[in-house]
Every structure is written in C-alpha cells, then in structure tokens.
Protein chains: 2
Amino acid sequence: MRDPRLHCPLTLAVKAISGKWKLYILSMLSDGTPKRYGELLKSTCENLTEKMLTSQLRELEKDGIIARKVYPEVPPRVEYMLTESGRKLCMIFEPLYEWGVDYMKTHRRDQLPWLEMGMKQLS
Amino acid sequence: MRDPRLHCPLTLAVKAISGKWKLYILSMLSDGTPKRYGELLKSTCENLTEKMLTSQLRELEKDGIIARKVYPEVPPRVEYMLTESGRKLCMIFEPLYEWGVDYMKTHRRDQLPWLEMGMKQLS
DNA sequence: ATAAGTAGGTACTTTTCTGTTCCTTACTTA
DNA sequence: TAAGTAAGGAACAGAAAAGTACCTACTTAT
C-alpha cells in the first residue's frame, strides 16, 4: 500500500516478468506471430495447466504486456500477441539471456540452455 | 527436479533478481562501495527486517551475485559487495529501468520513480 | 552491573503463489 | 444421441515466500 517500490520503474519491470510461466509465454510470443491458447498450452513438454496459463495470460494482459484478441466464432478462437510494451520488454531478454549464459559458464553448474528457440528470434 | 527451466539462462537471470529485497540490495551495492549489514538495514524507509535482509543476502551470495567479507574484529564487521557477475547483472538494470520509465509514462499509473539514486550511478 | 552496538539465528505464523480436480457453453462431427 | 473441441471458471489443497517475535555472543561505554 505505502510501498515506494511500486513507484520504482525497475521493480515494475522485474515484477512484470516474475511469474512461473511468463517467460515461457513471452518467449513463445516473441517471434511476432500471435498464438492461440491451446497452442501455448500444448507446446511445452512440461505440465503447464490450464489454470496457470489462464492466470499468467490475464496478468500479462492486465499489465499491458500482451494483447488478447477474441474472434467471435464457434468453437471460440482467441489469439495472444505482444503489445508495444511487450515487444520492448522482450528486447531486454537478450542481454539477460547473455548474462545467464556467461553466468552458467563461469559457475559451470549445468549445460543445455532452454527457451533458446524463441529467444534467438529476438536478435 | 526435471524442470528444463533450470537450464535456461534467461530464467536463471530473472530468478537471481526475484526476491522482495534483492533489487534494493543490489541498487545499494551498485555504486561500487561495499556496504555493511547495518548500513543496508537502516538506509531504507521501509520495514526491511533483519531476517529478510539476512536471507536475501545469503541467497545473493549463494548465487555468486554478491560477496561477503568478514573482518575478524570486535565488534564484528561484515561488508557486502558485488561480484563480477553481480556487476554485469546490474548493467542490465539500466535498460530495464528505462523500460519501466517508458511503461509508466504510457500507462500513466503514477509517478515518482524510486531507487533512482542507486540506479543512476550505473550509467 | 547494566545497557548498547554488531551481525546475525530460530521458531512460528501469515500471505502469496502454484497446482489439482471438476464444471461450463455452444456448436460440430461420428 | 453422444462425444469432441476451444477456452476458459470455481473450489480447494499444498508449497513457497515473507513477516513477527524473540534469542545469541562478544566487547565497550555508563
């Protein structure tokens, strides 16, 4: 309520991408082509549940990072895509990703970067 | 355990700075001069408790973002400073901060950026 | 003798975040 | 007639993060 960090742009940026599935979602959308709900749900090998996908999408939408487009069809069709803010945010993933690669090299904990496919299309 | 995101450099980077007081700590240390425990504890207007400061410092240290230097004196003196990885990570705060400023302007929710003092010294 | 400063630790509770399971609507196809 | 599909919603359970309150050791100052 009286937390000044709510007014901090840096905190805002970090909070916008903090959420277990947000980086996954953003990496999926970062190639520019809109994605459907079911598409996002199925294209991960992990157990992303419907509830979690929905809640993460809602938060990203509320924060103005992604946009939701509903086609008045049956069966329903909904597409998600990055907003202008979202695109700008994804740009910063590149240096963060590079930091992570460097970090993993120097701390050599394990290999095999993931999310690489989506992220590579940022450059 | 079998979560591939543990191998994702981007996820690693975001997790490293996710923690309620980590950005505050890093912003304090980002000017390059080591800071003492009590100094970190007292220089925020908010209620950062001893327990939280300790746990956040421990995590940052475990992750190799900050280093801890104990002086064998009485009364005890402990200094915290950024590691090489930490300094590199803090560089990326600049574009993130800029994104936040831009975001706040376009979404005009409120003003008054915070943490500005520490962050400005990054550039 | 007592209190204060320094850098914490421990136990417990509360809050927030994630995950599980089942339900809905409206149309289409077998 | 029944099942399938797309995109969810709601209720509840469990895990993780954060907060509260109190405790430690050591030494110097009062």
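Below, read A as the first sequence line, B as the second, and so on, with proteins coming before strands; counting in each chain starts at 1.
- When each of dA7(D), dT6(C), dA6(D) is scored by its nearest atom to the side-chain atoms of Lys42(A), the top-ranked nucleotide is dA6(D).
- Listed nucleotides: dT6(C), dA7(D), dG8(C). Nearest to the side chain of Pro76(B): dT6(C).
- No salt bridge links Arg68(A) with Glu79(A); every basic N to acidic carboxylate O contact stays at or beyond 4.0 Å.
- Note on Leu48(B): it clusters hydrophobically with Met28(B), by side-chain heavy-atom contacts below 4.5 Å among ILVMFWY residues.
- Nearest nucleotide to the side chain of Val78(A), out of dT6(C), dA7(D), dT20(D): dA7(D).
- Picking from dT6(C), dG8(D), dT18(C) the nucleotide with the shortest atom distance to the side chain of Lys20(A) gives dT18(C).
- When only modelled atom types and interatomic distance are considered, Tyr24(A) and Ser43(A) share a side-chain donor-acceptor pair under 3.5 Å.
- Between the NZ atom of Lys15(B) and the P atom of dT18(C) there is a distance of 10 Å, given to the nearest Å.
- With DNA chain C read from its 5' end, the first of the two nearest nucleotides for Gly38(B) and Glu59(A) is the one closest to Gly38(B).
- Using a 4.0 Å heavy-atom distance criterion, Thr49(B) is classed as a base contact.
- Each of Tyr37(A) and Pro75(B) was matched to the nucleotide of DNA chain D holding its nearest heavy atom; the match closer to the 5' end belongs to Tyr37(A).
- No engagement by Glu79(A) is indicated, since no non-hydrogen atom pair under 4.0 Å with the nucleic acid exists.
- Checking dT18(C), dA18(D), dG8(C) against the side-chain heavy atoms of Met52(B) singles out dA18(D) as nearest.
- When the side chains of ILVMFWY residues are joined at heavy-atom separations under 4.5 Å, either directly or via intervening members, Val70(B) and Met81(B) end up in two distinct hydrophobic clusters.
- Residue Thr54(A) is the one, among Thr54(A) and Glu50(B), whose nearest nucleotide of DNA chain D lies closer to the 5' end (criterion: closest heavy atom).
- Among dG8(C), dA18(D), dT6(C), the nucleotide with an atom closest to any side-chain atom of Arg36(B) is dT6(C).
- For the 3.5 Å distance criterion, the side chains of Tyr37(B) and Thr54(B) qualify, holding a donor opposite an acceptor.
- If you check every strand for non-hydrogen atoms under 4.0 Å, Tyr80(A) touches sugar and phosphate atoms only.
- Of the candidate nucleotides dG8(D), dT6(C), dT10(C), dT10(C) has the atom nearest to the side chain of Lys51(B).
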